[in-house]
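Report on the following structure.
Here is how names work: the chains are called A, B, and so on, in the same order as the sequence lines, proteins then strands, and each is numbered from 1. Because the structure is predicted, anything quoted here is derived from the model rather than measured.
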Amino acid sequence: MEADEARIDRLCEEREAWIFELAWDGHRVTVARVDDDVRIVSADGRDWSATFPALVRALCALPTSPLVMEGHLCALDESGRPSFDALRRCVSDPKHGPVVLAAWDVFVVGADDLGAQPLEARRARLATILAAASPSLLLSESLDGDPRALLGRLRAIGVRGLVARPRASLGPAATSPLQWWCLSTDAQKPVRWDRSLSPAASVTNRDKVLYPRDGLTKADVVAYYAHVAPVLLPYLRDRGVVAQRWPDGIDAFTWYQHRPPPRAPDYVRGFSFDGDRRLLLEDREALLWMVNQAALTFHGWTSRTRSVHEPDWAILDLDPGEATRWEQTIEVALAVRRLLELLDLPSVPKTSGKKGLHVLVPLAPGHDMASAQSLARHVASLVARLAPDVVCLSAEPEERRGRLYLDHQQGYPGKTLVLPYALRDLDGAPVSTPLAWDEVTPRLDPGAFTLRTLARRLDRVGDLARPLLGPGVSIAAALARLSRSSAP
DNA sequence: GAGTGTG
DNA sequence: CACACTCAACGCCGG
DNA sequence: CCGGCG
């Protein structure tokens with residue numbers, strides 16, 4: 001907000017150097033036309049031409065080709081204002097409409113590449129091109145006057161904001177986003193440019209049975225995730241996720257979806273890692289769309305996309321063997337907890353949803369994978385030394401001999417952990433459920449937390465894993481103590 | 001689960 | 001129209 | 001380089 005005030009002051013001072021326009025409440029697209037071939041493409045590369053045939057026809061009717069313009073797809077609501085919701089209605093149902101393109105820039109006109117010309121000159125060309133165009137292609141007019149006064153007038157008529165671009169700026173705005181500013185008319189509500197346009201997910205094959213012994217259907221699974229979405233989504237925000245899918249139910253083939261599916265709606269997001277696209281499910285729509293793809297289990301990265309090499313959890317994964325009794329699993333968990341307490345480290349236990357338990361330490365920003373790994377390995381090896389007959393640090397069956405595998409392996413970005421509130425592929429539809437430490441006793445029954453029972457538990461105890469979303473703690477002191485007192 | 005291709 | 005087919009992961013570790 | 005593992 002203060003930043004906004006400073007910007008307005010600067011814009012008022014330098015107002016001759018800027019062009020002001022509406023922040024159109026629509027969806028930003030680039031339109032490229034070569035003869036009769038017209039593409040309407042959003043920033044994420046999605047092609048919307050088939051969705052808006054009338055606009056394609058209007059673009060084809062222009063006398064100019066080739067042509068590359070940029071602008072916003074817009075639809076008007078009942079009161080005549082551009083409205084994103086109205087636009088979304090047009091996408092799911094072509095009866096609504098019309099949709100217009102509010103063009104604000106042009107880069108290619110016939111043989112002319114305007115990339116090296118200043119915005120002011122490009123807009124002059126744009127005005128000429130659009131002068132005789134269909135009414136569905138309109139110029140985003142520049143607005144004159146004092147920016148502060150403009151903002152006030154826009155606020156009064158319910159427009160969301162004002163865009164300022166330097167008259168002299170070169171090249172496509174998309175390639176230099178810092179060259180333009182957007183001022184919101186509502187200080188509480190910054191203008192968002194990344195809203196998705198795809199129609200909301202619908203549930204297909206509602207009656208398909210995914211848990212055969214329980215008769216639980218896709219509709220049941222969707223209803224479950226819809227209910228837990230408010231507590232689950234904070235763990236998905238800005239965190240890579242791997243969706244494990246069972247299109248024919250838990251007895252049949254499964255696979256792990258690491259990437260955004262090619263034809264997913266645009267609210268299913270991705271991020272780049274190591275030159276690959278990886279999956280992000282950051283809102284309710286995206287989560288439920290993926291659930292409709294028969295995703296039952298969600299595995300989360302241990303780090304955020306903004307800092308993939310800095311885990312925000314250190315993890316001890318208690319994976320019981322065939323020879324492990326439940327009381328032993330509990331004992332190991334409590335030993336892990338006691339060690340962490342001695343090190344002044346908080347921890348959150350959760351069921352894996354199967355036979356195991358996860359213990360997580362929320363980490364402050366700035367830790368690398370190696371430190372998280374080091375903490376987990378130190379704790380694991382101390383526990384293994386206390387109970388060598390019960391605990392094993394290796395996953396190898398030969399060495400393990402049925403003992404509990406205390407997994408401390410977490411040394412790279414992309415390694416995942418079953419997220420809190422994820423369903424598992426076992427009869428009863430169990431859920432990986434965050435616990436209070438005083439629930440971690442031999443009487444704990446992880447099978448009691450299921451698709452059917454979790455809503456009531458959430459009402460009663462809330463989200464016990466919340467500390468994992470907090471600021472986290474530093475483990476530097478703990479690591480120092482551990483390396484002083486013992487071998488790794 | 002969904003899109004594409006084939007008889 | 002029905003059916004067949006195809007596609008949808010990654011990286012560690014130890015051997 | 002492979003298979004096992006999660």
message: Please check: side-chain N/O of T297(A) versus main-chain N/O of L423(A), any donor-acceptor pairing under 3.5 Å?
response: yes
query: Are the side chain of T254(A) and the backbone N or O of R245(A) linked by a donor-acceptor pair below 3.5 Å?
result: yes
message: Less than 4.0 angstrom from a charged side-chain N to a carboxylate O is my criterion; do R160(A) and D25(A) meet it?
response: yes
query: Between R443(A) and D445(A), does at least one N-O distance fall below 4.0 Å, as a salt bridge requires?
result: no
Figure out the [atom1]/[atom2] separation between [X] and [N], and round it to whole Å.
| X | N | atom1 | atom2 | value |
| --- | --- | --- | --- | --- |
| H258(A) | dG11(C) | NE2 | P | 8 Å |
| W301(A) | dG11(C) | CH2 | C1' | 11 Å |
| M369(A) | dC13(C) | CE | P | 13 Å |

- request: Provide the distance between the two C1' atoms, one in dA9(C) and one in dG3(D), to the nearest whole Å.
  value: 16 Å
- prompt: What integer number of Å spans the C1' atoms of dG1(B) and dG11(C)?
  reply: 27 Å
Point-to-point distance, once rounded to the nearest 0.5 Å, from CZ of F449(A) to CG of L458(A): 11.0 Å
Regarding [X], tell me which of base, sugar-phosphate or nothing describes its non-hydrogen contacts under 4.0 Å with the strands shown.
| X | answer |
| --- | --- |
| F253(A) | base |
| K218(A) | sugar-phosphate |
| D248(A) | nothing |

OP1 or OP2 of [N] less than 4.0 angstrom from a side-chain nitrogen or oxygen of [X], does that happen here?
| X | N | answer |
| --- | --- | --- |
| Q257(A) | dA9(C) | no |
| R278(A) | dG11(C) | yes |
| S394(A) | dG14(C) | no |

Polar atoms only, N or O, under 3.5 Å: list the protein pairs with nucleotides 4-6 of chain D and their distances.
{"from": "dG6(D)", "atom 1": "OP1", "to": "D319(A)", "atom 2": "OD2", "distance (Å)": "3.2"}

message: Restricting to side-chain hydrogen bond (donor to acceptor under 3.5 Å, both in side chains), what partner residues turn up for D207(A), sequence neighbours left out?
response: none
query: With R284(A), which residues qualify under salt bridge (charged side-chain N to carboxylate O under 4.0 Å, His left out), at least two apart?
result: none
